[in-house]
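Below you'll find the structure, written out as structure tokens, and then a few comments.
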There are 2 protein chains.
Amino acid sequence: MSLRHAVLIALQNEEATGYEIAKWFDQGMGYFWSSTHQQIYQELRKMVVSELLTFREVSQSGKPAKKIYTITESGINELKSWLEKPVKQYVVKDALLMKIYSGHLLAPEKLLQEILTQQNHARELHTKYDEIEKKWFSEKENLSLQQQYIFLTLRNGIIQADAWLKWSHEVVEFLEGKIEQTSNPPKH
Amino acid sequence: MSLRHAVLIALQNEEATGYEIAKWFDQGMGYFWSSTHQQIYQELRKMVVSELLTFREVSQSGKPAKKIYTITESGINELKSWLEKPVKQYVVKDALLMKIYSGHLLAPEKLLQEILTQQNHARELHTKYDEIEKKWFSEKENLSLQQQYIFLTLRNGIIQADAWLKWSHEVVEFLEGKIEQTSNPPKH
DNA sequence: GGCGTCATGTAAAAGGTTACATGATTCC
DNA sequence: GGAATCATGTAACCTTTTACATGACGCC
């Protein structure tokens, strides 16, 4: 039930609307947890019932009224006790690896094309990470404690992206070799 | 709906029982897709209804009867058409990163402890990968096409594990610095 | 006129987890 | 005597995704 805890983290130092939390999931937190606005609105309502949050409604002219959620004492306690407990073991679910596992059933050209597309995504992501680092983390001495921890998560993104790119180069090389073999079959 | 396709991959070159497929998920395929026997039995039944599989029951002495599932023509076609379509973008869901993101709310000792535990898991996994490589992939010349592709997935595991360990060392160093600072606060 | 942003939601379906259940056999 | 292996399943619950829905405002 980590969505609940992601929301508590979001609200931990400032109140926000469901809409803002959803946006946060598409940006910062989105690099390691994801959700949709539908799920978030549901969860926020449940969390009010469980008294982890309170909210006040603010009417606006020309826009629908918004609900601003604030974490309660009990919410902070719930977050802290979650932080103390070990997380459950990370499980990979990677359909691309499944595909490669059965790559012999597919034309290498097709697989190559897909890997190259993914490689472009990975490169874009890497560039984005670099920009974030430059913009927010260039002066390492002036970072707040909170920012120092966030920087560690950015480092994770960068290192993982590097590793993925390294691996994908091996895959591309392999597939290009296969494709060449098919067009110039080895002579006996 | 990738469980379905994982099952098709499992049955693609040999028939198997639900029990065997479940075991396969705990071993080979388990490195990038996971499931439980409950879910697999359900899915197998649905796939028979969809005519992707057929099965025959084999009674055994002293053991419950087993159902041996075989992929159909239509199942092979379904698998092939899935392989042709790009997979949907991989999304990370990593609760540990969430925790680090809000690491400032937790004693660094606690976080350190958890990272060290995870590091041990990662090292064990790495060792297991190395063993698999030695046992099955040491003679690169004699690998079947299928094995060559499986080797690529193993390389992914190794590279990702290396990257994760590299990152975790940065985190450990950071946390140890924090812990030292607390016991010997800097003088002004 | 259309698209993007702000701001909320309902409802159904699909996918995944957890608890419970059975029962023989083999190995320590 | 107890644990692990073989082999299957039901049921409840929780989580996630997808489809549908509304409506004003500002920008190009």
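Every chain is numbered from 1 and lettered A, B, ... according to where its sequence line falls, protein lines coming before strand lines.
- Comparing B:Q38 and A:Q39 against DNA chain D, the residue whose closest nucleotide sits nearer the 5' end is B:Q38.
- A straight line from CZ of A:F55 to C1' of C:dT8 spans 12 Å, rounded to a whole angstrom.
- Looking at residues 6-29 of chain B, you'll see that no heavy atom sits under 4.0 Å from any atom of DNA chain C.
- In this pair, B:F174 and A:Y149 present their aromatic rings perpendicular. The plane angle is above 60°, beyond the 30 to 60° band.
- Put simply, CE on B:M1 is 14 Å from P on C:dA13, counting in whole angstrom units.
- The backbone N or O of A:L152 sits nowhere less than 3.5 Å from a side-chain atom of B:E170 that would complete a donor-acceptor pair.
- B:K88 comes within 4.0 angstrom of sugar-phosphate atoms only, judged by non-hydrogen atoms across all strands, and of no base.
- One interatomic measurement links the two molecules: OH of B:Y41 to P of C:dT17, which rounds to 17 Å at whole-angstrom precision.
- Here C:dG9 is the nucleotide among C:dG16, C:dG9, D:dG9 with the atom lying nearest to any side-chain atom of A:Y69.
- Side-chain atoms of B:E78 and B:H5 form a donor-acceptor pair, as typed in the model, at a separation below 3.5 Å.
- Straight-line distance from the CG atom of B:L3 to the P atom of C:dT17: 10 Å, rounded to whole Å.
- To the nearest angstrom, P of C:dG9 lies 12 Å from CD1 of A:I40.
- Ionic pairing of A:R56 and A:E15 is present here: one or more N-O contacts between side-chain nitrogen and carboxylate oxygen are shorter than 4.0 angstrom.
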| said: Show, in sequence, the C-alpha distance, side-chain angles and deciding distance for A:S168 and A:Q118, and conclude whether the side chain to side chain contact (heavy atoms under 4.5 Å, CB included) test is met. | reply: CA-CA 9 Å; A:S168 71; A:Q118 296 285 119; over 6 Å; no
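- Among the nucleotides D:dG9, C:dG9, D:dT16, the one closest to the side chain of A:R45 is C:dG9.
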| said: Applying side chain to side chain contact (heavy atoms under 4.5 Å, CB included) to A:L11 and A:T70, what does each step give before you reach the verdict? | reply: CA-CA 6 Å; A:L11 295 174; A:T70 313; over 6 Å; no
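- Distance, A:H37 NE2 to C:dG9 C1': 8 Å, rounded to whole Å.
- Heavy-atom neighbours of B:Q113 CD from other residues, nucleotides or ligands within 6.0 Å: at or below the threshold of 12.
- A straight line from CG of B:L44 to P of D:dG9 spans 9 Å, rounded to a whole angstrom.
- At C:dA14, none of the side-chain N or O atoms of B:Q42 fall inside 4.0 Å of OP1 or OP2 (strictly under the cut-off).
- Atoms NZ (B:K93) and C1' (C:dG16) sit 12 Å apart, rounded to a whole Å.
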